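Only heavy atoms go into these numbers, but all of them, side chains included; no hydrogens, no water, no symmetry mates. Starting from 1, each residue takes its place in the sequence as its number. Just so it is clear, the structure is predicted and the values come from calculations on it, not from any experiment.
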Amino acid sequence: MIRIAFLGLLLLASSPANAEPQTPVKAMMDLAVQVWSDNPPEDSEYFSAARLQEFYSDQFVQAFEAASKNPPFGFEEGQTTGYPFDYDVITYSQDGCPLEDVKLETAASTGGVSIIKVNFRLWGCSEDATEKALVSEVLFEVTQEGGKHVINDIKRVFDGESLSLVEEMLDIAKGSSDTEGSAN
């Protein structure tokens, strides 16, 4: 019995941190829940250096870095890079309530890419019943790099259209993005 428990611990300790496709998505959604809570954490950047390295693909990181070199809102004095967004890239909003009813599911998995579908309610505190009932959807494309699962793109679903964050970042890098607002 002790051997079996030891082998289980050994296997658990030797498995990569992002062994499942949902792992990086769950980490970002846990952070999003904290960001939209009444007490957001101080470290609330989806794209901190540590999170970029741990949870995102090389392609995603390159697009983010390129967009950061040409942020549409300019640079802070003395800076050579800036944050390329004026909205929350997961909720596709500048305003909202604490996230409710967050659900993750693997929607598809083909050719080494898993699509993790996330649904949540952003307007649970709204007085408007229609707004309160709205369910947001985000699709995370997850791939494997270096033996772990990483996010390759975040696609926000708005009015039935899937909006790629990587494409938006590449547009920002070229100086051709319309990021003057968000969908909400």
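What you find for D43 and R51 is that their closest heavy atoms are OD1-NH1, 3.1 Å. Residues I90 and R156 come closest through the heavy atom pair O-CG, 4.0 Å. When all heavy atoms of V33 and L99 are compared, the closest pair comes out as N-CD1, 3.9 Å.
Annotation: side-chain hydrogen bond (donor to acceptor under 3.5 Å, both in side chains) contacts of S109 (sequence neighbours excluded): S114. Applying the side chain to side chain contact (heavy atoms under 4.5 Å, CB included) criterion to Q34, with sequence neighbours excluded, gives L31, P41. With sequence neighbours excluded, the residues satisfying side chain to side chain contact (heavy atoms under 4.5 Å, CB included) with Q59 are S57, N152, V166. Every residue two or more places apart in sequence or in another chain that forms a side chain to side chain contact (heavy atoms under 4.5 Å, CB included) with V61 is listed here: L52, Y56, E65. For the salt bridge (charged side-chain N to carboxylate O under 4.0 Å, His left out) test, no residue two or more places apart in sequence or in another chain qualifies with D58. Considering only residues two or more places apart in sequence or on other chains, K117 meets the side-chain hydrogen bond (donor to acceptor under 3.5 Å, both in side chains) condition with none of them. With sequence neighbours left out, D38 forms a side-chain hydrogen bond (donor to acceptor under 3.5 Å, both in side chains) with no residue at all. Annotation: side chain to side chain contact (heavy atoms under 4.5 Å, CB included) contacts of C125 (sequence neighbours excluded): C97. Checked against salt bridge (charged side-chain N to carboxylate O under 4.0 Å, His left out), D159 has no partners two or more places apart in sequence or in another chain. Contacts of T143 classified as side-chain hydrogen bond (donor to acceptor under 3.5 Å, both in side chains), with partners at least two apart in sequence or in another chain: none. Applying the salt bridge (charged side-chain N to carboxylate O under 4.0 Å, His left out) rule to R121 yields the partners E100, D101; only residues at least two apart in sequence or on another chain are considered.
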| request: Could you give me the CA-CA distance, side-chain angles and deciding distance for F140 and Q22, then say whether side-chain contact (heavy atoms from CB on, under 4.5 Å) is met? | output: CA-CA 9 Å; F140 288 82; Q22 286 192 8; over 6 Å; no
| task | Determine, step by step, whether V35 and Y46 satisfy the side-chain contact (heavy atoms from CB on, under 4.5 Å) criterion, reporting the C-alpha distance in whole Å, the side-chain angles of both residues, the deciding distance to 0.1 Å, and the verdict. | result | CA-CA 10 Å; V35 166; Y46 300 120; 4.2 Å; yes
| field | Candidate pair T91 and F120, rule side-chain contact (heavy atoms from CB on, under 4.5 Å), full reasoning | value | CA-CA 9 Å; T91 63; F120 55 88; 3.9 Å; yes
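Heavy-atom neighbours of E127 CD from other residues, nucleotides or ligands within 6.0 Å: at or below the threshold of 12.
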